[in-house]
Amino acid sequence: MASGNVGDGHARRSDYRQKVADFVDAYARDDDDRIGRLFPEICDDPTFDVVLAETISDIPHATFDPVEFRHGVLSMCSISSAPYISSSGNAHAIVQLFFIPFSGALDDIHEAVRNTDKLTEIASSFLDSGLAATHSSILACGSLLDPLSAAAITPGTVRLALRMISPVLTGRIEADNLGEALASVFGVATDKEPSSQQNGRAFGHRLLPVARIVTPPDGIHVDDALTSYKIDDNGDDQHLINDWKRLMGRTLPETVMIGEPCSIMRGCAVMAINMIEHAFSQRAMRTGHSAMPEFDEVSILQTEASVHVAARHGTYVYGPVQLPAALFFSDLELVANFIDGLSNDVRWRDDLEPKPAVVKPH
């Protein structure tokens, strides 16, 4: 009996690995039908991340872009469904996880997400501004991703977070301790205060997870500004974004700045940009500039795990700012456009000289 169970286990794992390989192959071939069929069968397995990483490691990068693949799979993992009864009968609600980029005084950011009234106001702002369809129920999660935890996020992590949030959105369980539970999933310590808080107000960058469930009464889903394929490209809804930012400005202190709601990959890129911009702006102020100047040169050095960005204006050196590589490359087009706007001379270097103190993520 025992040997039979072991054999069955091996067969199941072998079958699962084959399904993951088939999914990767379907993705590489843009076979949407196979992708749609295979993904629900593999995405909630606890070994999803490991098997997926092993599978794509064997594929030549000349024919497969692992960064683009990660972007696509993370996007797919951020959406699930839940059954409900509509006026037309059985239907499926859309459950979605997205993020708000925060930058500012870390103690004020943390205080906002510890305040349940503030979290309720943040959730309500999407409905009050018209960003979310009226049949959305929205939950701002009391947990924050720092740069390192955001860089380390995986498809399996996003999927696990969504599975934890879904019962709260559907009303099957209470939201008590959801923030702490998500912090554990994302690898964030909620009880740790900024280390520099006692020596002044520490400035940092965070992502706030937000989840929603969409249950149209008639069971027919209509796109809105938060729909997953539009959320990172909603130029047509900029007036709604502006209204939402005004509402958020009334909820958060002036020391906290926000970015537009976005996917996890876009959120990582915005975090990378904000880290560079803040470090360079602070350096500019110390050299007598009211804002960042147009730099003579921007230099980029990539190591295995990080990217260092430095700039030069005259005799002044800015940075280098050290970023987790996963943040920098999460949405390379967005980050590259930002860096190209800093200087007409952007160089990838083998070494960055001179080397002042590195500005690390916090």
Checklist entry - Do Ile300 and Arg347 come close enough that some side-chain heavy atom pair is under 4.5 Å? => result no
Checklist entry - Do Ser103 and Asn274 have a side chain donor and acceptor closer than 3.5 Å? => result yes
Checklist entry - Would a line drawn from the ring center of His221 to the ring center of His92 be shorter than 6.0 Å? => result no
Checklist entry - Any idea how Phe329 and Trp348 line up, ring-wise: parallel (<30°), tilted (30 to 60°), or perpendicular (>60°)? => result parallel
Checklist entry - Under 4.0 Å between a Lys/Arg side-chain N and an Asp/Glu carboxylate O for Lys230 and Asp236? => result no
Item to check | Side-chain H-bond candidate by donor/acceptor type, Ser87 with Asp218, under 3.5 Å | outcome: no
Checklist entry - So, Glu111 versus Asn115: side-chain donor-acceptor pair below 3.5 Å or not? => result no
Checklist outcome for this item: Contacts satisfying ring pair (Phe, Tyr, Trp, His ring centres under 6.0 Å) that involve residues 231-272 (not counting sequence neighbours) are Phe126-Trp244
Checklist entry - Which distance, rounded to the nearest 0.5 Å, do you find between the CD1 of Ile109 and the NE2 of His205? => result 8.5 Å
Next on the checklist: Could you check whether any side-chain N or O of Lys118 sits under 3.5 Å from a backbone N or O of Thr251, counting only pairs where one atom can act as donor and the other as acceptor?
Outcome noted: yes
Checklist entry - Do Asp224 and Thr227 have a side chain donor and acceptor closer than 3.5 Å? => result yes
Checklist entry - Glu68 and Tyr27: side-chain donor and acceptor closer than 3.5 Å? => result yes
Item to check | Under 3.5 Å side-chain donor-acceptor pair for Ser125 and Asp128 | outcome: no
Item to check | pair Leu226-Pro261: side-chain heavy atoms closer than 4.5 Å | outcome: yes
Checklist entry - How long is the gap from SG on Cys268 to CG on Leu145, to the nearest 0.5 Å? => result 8.0 Å
Item to check | Mutual orientation of the aromatic rings belonging to Phe203 and His278 [parallel < 30°, tilted 30-60°, perpendicular > 60°] | outcome: parallel
Item to check | Asp232 versus Ser263, side-chain donor and acceptor atoms under 3.5 Å | outcome: yes
Checklist entry - Would you call Glu54 and Arg17 a side-chain contact if the rule is heavy atoms closer than 4.5 Å? => result yes
Next on the checklist: Between Thr47 and Asp45, is there a side-chain donor-acceptor contact under 3.5 Å, judged purely by atom types and distance?
Outcome noted: yes
Item to check | Distance-only side-chain donor-acceptor flag, Asp223 / Tyr229, under 3.5 Å | outcome: yes
Next on the checklist: Any donor-acceptor pair under 3.5 Å linking the side-chain atoms of Ser129 with those of Arg246?
Outcome noted: no
Checklist entry - If you measure only the distance, is there a donor-acceptor pair under 3.5 Å linking the side chains of Ser306 and Thr303? => result yes
Checklist entry - Is there a side-chain contact between His110 and Asp107, using heavy atoms and a 4.5 Å cut-off? => result no
